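Take a look at the structure set out below.
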Amino acid sequence: MRAAARSLGARWRDRVAASDPGLLRLAAGLRTVGAITCTLAVLSLLGADVSHLVAGAIAAMVATFAIREKQRDRQAVTLALGLPVALVSVSLAALLSSRVVAGDVFFVALIFCAVYGRRFGDRGTALGLIAFQVYFMALFVGVGTSDLAGYQWVLAVAFACSALARFVLVPQTPAGILQRLRLAFRARLAQLLDAQLELLDAGPDDVDKALAQVREGTARLHETAMMIHGRLEEGTPDEATARLVQRRIADAEIAAERLGLLLLTARSAERADTLTLHLPGAPLPEGGHLPVRDPSLDALRRDLGALGLLVRHPVEETSGAALAQVRNRLLGYRDEENLPRASPAVQDVFRGVGEAARAVLGLRIALDGPQDESDDSPATSRSREELDAEDAAIGGAEEDDATAADATGLRRPTTRAAVQVAVGSSLAIVGGELLSSHRWYWAVLTCWIVFLNTASTGEILVKGYRRLLGTVLGVVAGIVLAGLVGHHTWTAFAVVLLCVFAMFYTAPLSYTLMSFFVTAALGVLYTLLHTYSLSVLVLRIEETALGAACGIVAAALVLPVHTDRRTNELLETVLDRLTEVTEQAVEQLSGGPPAELLDRARDLDQALADLRAATQPLTHPVTPLRTRRDTARYVVALLETCAYHARSLAATAELLPTHPSIAADPRLRRAGQRILHNIGAVAARVADERSTVGVLTGPSVAALLQPGGAGTPRYGRVTDRVLRHLQRLDEAVVGLARPLGVRIAPAAPPPK
């Protein structure tokens, strides 16, 4: 009974960890709710009225969510600087409350400065956000000069409670966040293995759904790996430890994705293309709609389940001779003589299981420390020796500090955005005043928000649409909630707290949901301030629509950055990063000097993530340009395929100094030259539509090198795997030519 309860608890723990990596959303919601609750408790003990309670709740929320820095000492400094900024902002709002024109002019100037402050990093962004939101809060509750001192004390209490919630009630350290992200990576890796097992067994009616789950699991695992990479510097004690964790995370991610490809091939009559895992809606290869019929299928199911078991449970829960034997069996598949009788494609899957088991072993050693080696088989001992040699070789090579020169003047993104939002806010003030002389600030708030974390007209259009949709739905919910709570103050605040928690928990997932909960909470706050009416909530919709429209107009007419231009700039960056990773990986695999390849690969992944976000206006379901949407999805999927193969090449190249089965091969430079030329041709076309440089086609990469002999194991040589990655990378880069309009040159003869 206890074992069943522990197992159930572990499954729920894994599910929560996987759904919220690092528990970052949960912590953000709890921290904000804790700050607001503490503020309300202190102010109620001091006898504050409802207006001061509402102001304190808003101020506590702003002081908590505005700070995004990772280091606790920097968070404390920013929070300390935020209080005087808030006091100045509320004081100016009170002094200018009776001077309409001067107040509006100052508000626009404040908005410009707040957005321009983003160029100074997280601290500048936080202080600008605090200044704007506190000024807005003063307009919302109607702060005047007569009661300014009382609201200043409210701000002081709110900031103190925010500090209490951040550093005492819901503390988060970089090391703790990284530890939870590691647990999330394990949980998502186990979920991906479950999805792969379902794909193996899926029938004709379920195969598309199973493949979609594998795609989603692969993307979620990659997302968690990127989050870990972003936290390594602050969350590990030294650079060597950071590089070790980075290496093991990369190994596990690549092994899991490779295992998925091998499973697709095992279900198919032909070798699966990597693009199948990256392009939503892509069908399985021909013959892939029937479960594979092979006598060893039961053993494969068993071993995939055993691999998931090794991933899920900590060392102390998986100790024992039985599980050691399971581990030894899986690692034994790395040796040809231990493979079961099966078709070549299914044998490849068993080999992939062995490589994944090795990656899991390395991950467990890196995250959990040394383990019991008494029951090791020769295959397990060999894997440990390889991992130990790799660990010993991991050093702290210095990073290249050279950075690209920033743009200047109006070309700088922060300056451009500041000018745009200032113009949009001016339009929103004028239009808002025509709708309501008392609540015009809602239009300004919407205009401000649609510019946050956006960089093109298309992104602003999509964000404005989502904001309006969430507001309309939130108004309906606000009407219902306001009717339920009536004027019961503490019941209303409890509902507001629930909405605030839901707002922060859903914000990274859906901007529409976040807007819904914000608007629902405001409906309850209006009830507390005795200003609630149906006309007020309808006005909220009108002001939101006006603010979104003003933001879109400003973005389209003032220093516009069109979506095509933005995506082309990011596409050039992705291609540049792809060139760097491919060139350095091929050079190292050819015998060149070592480089920081995994760091370069993660830079490529980050650039690709930026491009994926920027193409959302093109791939949004409501876009009327269907052909353009499909092209954007196809290009991004091809680039994800390129990134996977480049990442795999980088990981293999870093093993050269320590791995006995990998040797440098100077002939690889010949294969790399054509790939690099083709990437350059695509980049030239993206930079200049008049470019006539074409991509080169020709014999396969394997034909260029002609490696190995007839007696060489097909999979046992790592060189064969390198060739497959180069071949797939070559095919994916050539595949970019058609959708991007790059000329395809006539097939070149094989080099002599």
Side-chain angles (χ1 to χ4, degrees), residues 189-190 192-197 199-201 214 248 251-267 271-272 292-313 318 321-365 371 373 375-388 390 648 651-652 655 659-662 708 711-722 724-725:
L189 177 56
L192 176 57
L193 293 173
D194 290 342
Q196 290 173 349
L197 181 56
L199 176 63
L200 181 66
D201 288 332
V214 170
R248 297 305 168 220
D251 285 345
E253 179 190 358
I254 292 169
E257 191 162 359
R258 183 185 298 124
L259 182 57
L261 288 170
L262 295 173
L263 281 167
L264 283 176
T265 300
R267 286 187 53 100
R271 180 169 293 278
V292 62
R293 301 299 181 185
D294 193 282
S296 62
L297 192 57
D298 290 338
L300 184 55
R301 292 192 190 98
R302 176 201 63 194
D303 290 335
L304 285 173
L307 183 60
L309 181 66
L310 292 179
V311 170
R312 276 189 172 90
H313 298 287
T318 57
L323 285 168
Q325 290 176 4
V326 169
R327 179 198 61 206
N328 294 340
R329 185 181 70 248
L330 299 185
L331 289 170
Y333 293 142
R334 301 183 66 212
D335 296 329
E336 292 291 317
E337 59 270 17
N338 294 327
L339 292 174
R341 286 179 172 270
S343 65
V346 174
Q347 281 192 332
D348 275 351
V349 180
F350 279 104
R351 294 183 183 102
V353 169
E355 292 298 323
R358 179 192 184 276
V360 171
L361 177 63
L363 186 67
R364 294 172 69 84
I365 293 174
Q371 303 173 43
E373 304 178 15
D375 295 319
D376 282 0
S377 66
T380 303
S381 298
R382 178 167 63 87
S383 296
R384 288 192 192 275
E385 291 170 1
E386 293 173 358
L387 293 169
D388 290 341
E390 293 170 18
S648 300
T652 305
L655 294 176
H659 205 293
S661 63
I662 307 177
T712 303
R714 184 175 61 83
Y715 190 93
R717 292 184 55 147
V718 180
T719 302
D720 183 55
R721 188 183 305 166
V722 170
R724 288 210 299 267
H725 286 306

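Quick note: numbers below take in every heavy atom, side chains included, and nothing from hydrogens, waters or symmetry partners. Everything numeric here is computed off the predicted structure, so don't read it as measured data.
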TODO: Give the C-alpha distance, both sets of side-chain angles, the deciding distance and a yes or no for side chain to side chain contact (heavy atoms under 4.5 Å, CB included) between R312 and D194.
DONE: CA-CA 11 Å; R312 276 189 172 90; D194 290 342; 2.3 Å; yes

TODO: Test R329 against R302 for side chain to side chain contact (heavy atoms under 4.5 Å, CB included), laying out the working first.
DONE: CA-CA 11 Å; R329 185 181 70 248; R302 176 201 63 194; 3.3 Å; yes

Open item on the list: What verdict does the side chain to side chain contact (heavy atoms under 4.5 Å, CB included) test give for H725 and R258, after you've listed the backbone C-alpha separation in whole Å, the side-chain angles of each residue and the deciding distance to 0.1 Å?
Closed with: CA-CA 11 Å; H725 286 306; R258 183 185 298 124; 3.8 Å; yes

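Interatomic distance, L197 CG to L307 CG, rounded to the nearest 0.5 Å: 10.5 Å. Distance check, rounded to the nearest 0.5 Å: CD of E355 to CG of L330 gives 12.0 Å.
Checked by atom type and distance alone, the side chain of R301 never pairs as donor or acceptor with a backbone atom of D201 at under 3.5 Å.
Under the ring-ring contact (aromatic ring centres under 6.0 Å, His included) criterion, the residue pairs touching residues 332-361 are Y333-F350, with sequence neighbours excluded.
Side-chain atoms of L259 and L304, non-hydrogen and from C-beta on, do get closer than 4.5 Å to each other. D303 is not listed as a side-chain neighbour of V326, based on a closest heavy-atom distance of 4.5 Å or more. Between V353 and L262, the closest side-chain pair of non-hydrogen atoms is not below 4.5 Å. Within the 4.5 Å cutoff, no side-chain heavy atoms of D348 are placed close to those of T265. In this structure the side chain of L200 reaches within 4.5 angstrom of the side chain of L297, judged on heavy atoms. Taking the side chain as every heavy atom from C-beta outward, R341 and Q347 never approach each other to under 4.5 Å.
Among residues two or more places apart in sequence or in another chain, the side-chain hydrogen bond (donor to acceptor under 3.5 Å, both in side chains) test is passed with E257 by H278. For S383, the side chain to side chain contact (heavy atoms under 4.5 Å, CB included) test picks out L331, R334, R358, L361, with sequence neighbours left out. Annotation: side chain to side chain contact (heavy atoms under 4.5 Å, CB included) contacts of S377 (sequence neighbours excluded): N328, A379, T380. For R382, the salt bridge (charged side-chain N to carboxylate O under 4.0 Å, His left out) test picks out D335, E386, with sequence neighbours left out. D251 is linked by a salt bridge (charged side-chain N to carboxylate O under 4.0 Å, His left out) to R247, R248, counting only residues two or more places apart in sequence or in another chain. E253 meets the salt bridge (charged side-chain N to carboxylate O under 4.0 Å, His left out) test with R602, R647; sequence neighbours excluded. For the side-chain hydrogen bond (donor to acceptor under 3.5 Å, both in side chains) test, no residue two or more places apart in sequence or in another chain qualifies with N338.
When all heavy atoms of A256 and Q196 are compared, the pair lying nearest together is O-NE2, 2.9 Å. For the residue pair V349 and L300, the shortest heavy atom distance occurs at CG1-CD1, 3.5 Å. Annotation for A255 and A359: closest pair CB-CB, 4.0 Å, computed over non-hydrogen atoms. Of all heavy-atom pairs between A190 and V311, the closest is N-CG1, 3.9 Å. Nearest heavy atom pair, residue A266 against residue A345, reads CA-CB, 3.9 Å.
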